[in-house]
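Residue numbers begin at 1 in each chain, while the letters A, B, ... track the order of the sequences.
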Amino acid sequence: MTAVLTADWLLADTLAPHVEGDALAPLYDGAARGELVLPFCASCDLPLDLDQQVCDGCGAAEIAWRASARTGVIHSLTLMHRREPGLVVATEPYPILDVELDGGHRLIMTTCVPPASLPRIGDRVTVAFRELGGVMIPSAVLDPTTPSATEARS
Amino acid sequence: MTTDVAIVGLGMTAMSLQPGRVPQDLAREAVGLALADAGLTHADVDGLLVGSSQGVRPDRLGVAFAAQGGFGDLRLLEHVEIKGATTIAMVQRAQLAIATGAARTVVCVFADAPLVEGKGAGSTYAHSGGQSGVRGLERASGVLGSVPTYALLAQRWMHVTGASVDDLCAMTTTTRAWALGNPAAVVRTPLDAEGYLASPLIAEPLRRLDCARPVNGAVAVIVSGDTTAGHAARIRVRGSGREHPVRHRRAGAESWFGGGRRAVDDALAEAGMARSDLDLAELYDPFSVVTLMLLEEYGLTGGRTAGDFVRSGETGPGGSLPTNTGGGQLSGFYLQGMTPLAEAVIQLRGDGGDRQVVGATTALVGGIGGRVDHHAALVLERAA
């Protein structure tokens, strides 16, 4: 068994996204500058899915990738217990969050560092970045002052 | 005038938890068994629809199987691909082709062999998906395999509806109760709540026992408009429906679930039936939470919550809507939409043995694909 070389707390470098020519290159380029760059419709400003080509609101095909707010609320989350050998270097279960950003997008991410305690749906987070194999990946910073489970059932 | 279209042949390989055999070989065996079951030969077939899962294997089953499988000239040949909903959509495709005269007797075959030497199924799925596009970003965030995405779905759905882990437990143990009577099920030991809670967590709230059991195997069905051919028990395709809800990942609406009911409404409308006419529900259940969600989404619980419906025994043996009567994909075997389809045919023929639902003549069969992005439904009825 060879040791997995990585700087990340969670994953092996081999999982680093292939950035060059990738459909999400604007996101990775922005992340390298410390910005959360996401796609919006250039015509009506609707937040679009990361791989969306045409706006479902107005039909425009021009996409504007621009910096968006690095704050949001947890829409869903899981604690991943299965840790695939060779891919996951963390020794404890790790969080996966689906964050609803204040700019309107929903983005899946883990946390920048191993969390001391698990947050809950409705908790607020800030988005920062962790480095995986030279690529900056949007990742959550949990706000320790957030009261837990503030979102009412809908 | 409507054409009498029916499933007249069924062939199933053993459902293996062991690596070995390629999809083409499994498909060949299943097709041979289906033809023998129907009393037909390759010469009677003028349509072939093939399905296979994407991603895990490069040597997936494709249209080359027409030549590989020994078929002659065909009038219909397609590789159908809408992810997990494929197999149900194949039967619908065959139904429509036969109804319009484009084909007469159509073989539908699905083969999959995700289990490979040296790796468990979970490991195989964890290593697939690549490093580009949206999936590349998700994997760089720790979303390995399909369990964590369905765990996010489960957490959100439970948060919104108030469903609980007790409901997941009830769904899983009830489905296991059905598997006890199915010789083809890969797990046939009784399961209670204590046993369920002893199962290791994979991604909260999903435990190993909340997840389907992938197998290497194949199933073929033969759909025909020839009322003189085939198995003595004709299982008529009375209705079919689809819905492909397009959800976006943005604030304002749910992203993980919602939609699909129209597939069931349309299938029932074509059949001239109501939900109360259904004797069985055979649903796609890759995870326990999906069955619960679909029971509600498809309007099968009479307005009750799925958890209440399942915990009171309605989906189990002796219940009002026996569901996933072969143990489903959780305890039976995961061969995508062929799992619910094959079980419906077995039950409607009266061949269910220890798990037979007495007097069952109608069934709803459902398939889903992607992240519950595709829904395909069939209403089947045993010909009188």
Given heavy-atom pairs under 4.5 angstrom as the criterion, report whether the side chain, backbone, both or neither of [X] touches chain B.
{"X": "Ile108(A)", "answer": "both"}
{"X": "Leu79(A)", "answer": "both"}
{"X": "Arg83(A)", "answer": "neither"}
{"X": "Leu101(A)", "answer": "neither"}
{"X": "Ile96(A)", "answer": "both"}
{"X": "Asp22(A)", "answer": "side chain"}

What residues of residues 32-43 of chain A sit under 4.5 Å from chain B when only non-hydrogen atoms are counted?
none

Hey, could you give me the [atom1]/[atom2] distance between [X] and [Y], rounded to the nearest 0.5 Å?
{"X": "Ile202(B)", "Y": "Arg82(A)", "atom1": "CD1", "atom2": "CZ", "result": "7.0 Å"}
{"X": "Arg249(B)", "Y": "Asp51(A)", "atom1": "CZ", "atom2": "CG", "result": "10.5 Å"}
{"X": "Leu107(A)", "Y": "Glu138(B)", "atom1": "CG", "atom2": "CD", "result": "9.0 Å"}

So which of Gly145(B), Ala154(B), Pro200(B), Ala126(B) has the largest heavy-atom pair count under 4.5 angstrom toward chain A?
Ala126(B)

Just by distance, do the side chain of Gln155(B) and the backbone of His75(A) share a donor-acceptor pair under 3.5 Å?
no

Side-chain (Thr78(A)) to main-chain (Glu204(B)) donor-acceptor, under 3.5 angstrom
yes

Looking only at heavy atoms, the pair that brings Ser255(B) and Arg106(A) closest together is OG-NH1, 2.6 Å

Looking at Ser76(A) and Trp256(B), what are the two nearest heavy atoms and their distance?
CB-NE1, 4.5 Å

Given side chains that start at C-beta, do those of Arg156(B) and Asp98(A) come closer than 4.5 Å, heavy atoms only?
no

Sub-4.5 Å heavy-atom contacts with chain A: which residues of residues 293-311 of chain B show up?
none

Scan Asp49(A), Asp45(A), Asp56(A) and name whichever one has a salt bridge (charged side-chain N to carboxylate O under 4.0 Å, His left out) with Arg250(B).
Asp56(A)

